[in-house]
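Here the structure is a predicted model, which is why all the values come from computation and not from measurement. Reminder, nothing fancy here: chain letters follow the sequence lines and each chain counts from 1.
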2 protein chains.
Amino acid sequence: MYEKYVKILKDHTLKVTSPRLEILKYLDEHHIHPNVEEIYSALKKKHPSLSRTTVYNSLETLKKNKIIRSLTISGSELRYDIEEGMHHHFICTQCGAIIDIAISCPNMDRTIQGGHRVEEVQGYFKGICKKCQTKEKGRNNNG
Amino acid sequence: MYEKYVKILKDHTLKVTSPRLEILKYLDEHHIHPNVEEIYSALKKKHPSLSRTTVYNSLETLKKNKIIRSLTISGSELRYDIEEGMHHHFICTQCGAIIDIAISCPNMDRTIQGGHRVEEVQGYFKGICKKCQTKEKGRNNNG
DNA sequence: TACTAAATTGTAATCATTACAAATTAGAAA
DNA sequence: TTTCTAATTTGTAATGATTACAATTTAGTA
Ligand SMILES: [Mn+2]
Ligand SMILES: [Mn+2]
Ligand SMILES: [Zn+2]
Ligand SMILES: [Zn+2]
């Protein structure tokens, strides 16, 4: 069940703790780019002793070890992503959903830009998602 | 002095007010992608009656009218940019500087991605800026 | 099994942003 | 030019995300 996540932590010489395993599992099973509150309240149900601060601490540790990434796309809170492989993100300004955009970009692999050493690249698209466009049309037809 | 900014506001049928003019002027003359606090404290010197809330309100109005853009690159606060023309941004994790990256990207102009309607595109690069790399080298040689 | 550095926990700051109501004012109308 | 009013500005009080910190617990080692 958790072997996969145990391995990840051990490979990074991180202590294997329950909060870390649960957070990894949650992110692995929920590719919705959740914020801290979503992760916390989901895990709190199963592990009532869990502290919000632990979620913050653990996410920070996982991020420093490049096991997960944080997204600044929302502008008001960090969103977390365990998915590997370079991909970009779309945020719907209507429903707030954050969706993977699987495109490759010639600039994504560059390690130097304008003389600056690039360590991370994030491509953000903002607009109205497919689902919300459908709802919009429905409203127009019925209104 | 301010005619240029008066024109911008009038073209958008926005009321011409002192805070709006000063904010536009400040952003136009300081392409450093400042946060609210930087704008506020810079303008407060000349206009002691200025309120921080007004800076927030004005920036929001200018943004809604697409006169300026906000960047979520820092993750902790919004940064503002009046520059026109599509360009991307680099943030230095050492000194915090946010620098324009003048590259064109085939995905920047797309209005649809994965079926989603794209209204805004932001490309963020994170790493160590040119200046901080030089400092780093200096330290290494002298240390 | 005992030890210790690291992790977890809970509470109290802090910081950015928003809510709100009162005072002021830009621009339209008279 | 004066009057009027909706929009804007202002100050203060929430709110929400994140960080600081000290006490408690625990994973991994000896
Ligand atoms: Mn993703
Ligand atoms: Mn810029
Ligand atoms: Zn949507
Ligand atoms: Zn730098």
Which pairs with one or both residues in residues 38-79 of chain B pass ring pair (Phe, Tyr, Trp, His ring centres under 6.0 Å), sequence neighbours excluded? none

Please, which pairs that meet ring pair (Phe, Tyr, Trp, His ring centres under 6.0 Å) have at least one residue in residues 65-113 of chain A, sequence neighbours excluded? His33(A)-His89(A), His87(A)-His89(A), Phe90(A)-His116(B)

[X]: side chain to side chain donor-acceptor pair (under 3.5 Å) partners, not counting sequence neighbours:
| X | answer |
| --- | --- |
| Asp109(B) | none |
| Arg52(A) | Glu37(A) |
| Lys63(A) | Ser70(A) |

Side chains of Glu3(A) and Tyr5(A): any donor to acceptor distance under 3.5 Å? no

Is it true that Glu22(B) and Tyr2(B) share a donor-acceptor pair across their side chains at a distance under 3.5 Å? yes

Expressed as a whole number of angstroms, how long is the span from [X]:[atom1] to [N]:[atom2]?
| X | N | atom1 | atom2 | value |
| --- | --- | --- | --- | --- |
| Arg79(A) | dT18(D) | CZ | C1' | 16 Å |
| Asn65(A) | dA7(C) | CG | P | 10 Å |
| His12(A) | dA6(C) | NE2 | P | 19 Å |
| Lys63(A) | dT18(D) | NZ | P | 9 Å |
| Leu59(B) | dT17(C) | CG | C1' | 12 Å |

Leu78(A) or Thr54(B), whichever maps to the more 5' nucleotide of DNA chain D: Thr54(B)

For residues 20-31 of chain A, which residues have at least one heavy atom under 4.0 Å from DNA chain D? none

The correct set of residues in residues 33-52 of chain A placing a heavy atom under 4.0 Å from DNA chain D is Val36(A)

Can you tell me if Ser58(B) touches the phosphate of dT8(D), counting only side-chain N or O atoms and a distance under 4.0 Å to OP1 or OP2? no

Just call it for Ser76(B): base, sugar-phosphate, or nothing, with non-hydrogen atoms closer than 4.0 Å on any strand. sugar-phosphate

Pairs touching residues 25-34 of chain B that satisfy salt bridge (charged side-chain N to carboxylate O under 4.0 Å, His left out), sequence neighbours left out: Lys4(B)-Asp28(B), Lys25(B)-Glu29(B)

Under the ring pair (Phe, Tyr, Trp, His ring centres under 6.0 Å) test, residues paired with His30(A) that sit two or more places apart: Tyr26(A)

Test of understanding: with ring pair (Phe, Tyr, Trp, His ring centres under 6.0 Å), list the residues that count as partners of Phe125(B), not counting sequence neighbours. none

B/S/- contact track for nucleotides 19-30 of chain C, protein heavy atom under 4.0 Å: B------BS---

Of the nucleotides dT9(C), dT18(D), dT10(D), which has the atom closest to the Glu77(A) side chain? dT18(D)

By side-chain contact (heavy atoms from CB on, under 4.5 Å), which residues pair with Ser51(A), not counting sequence neighbours? Thr53(A), Thr54(A)

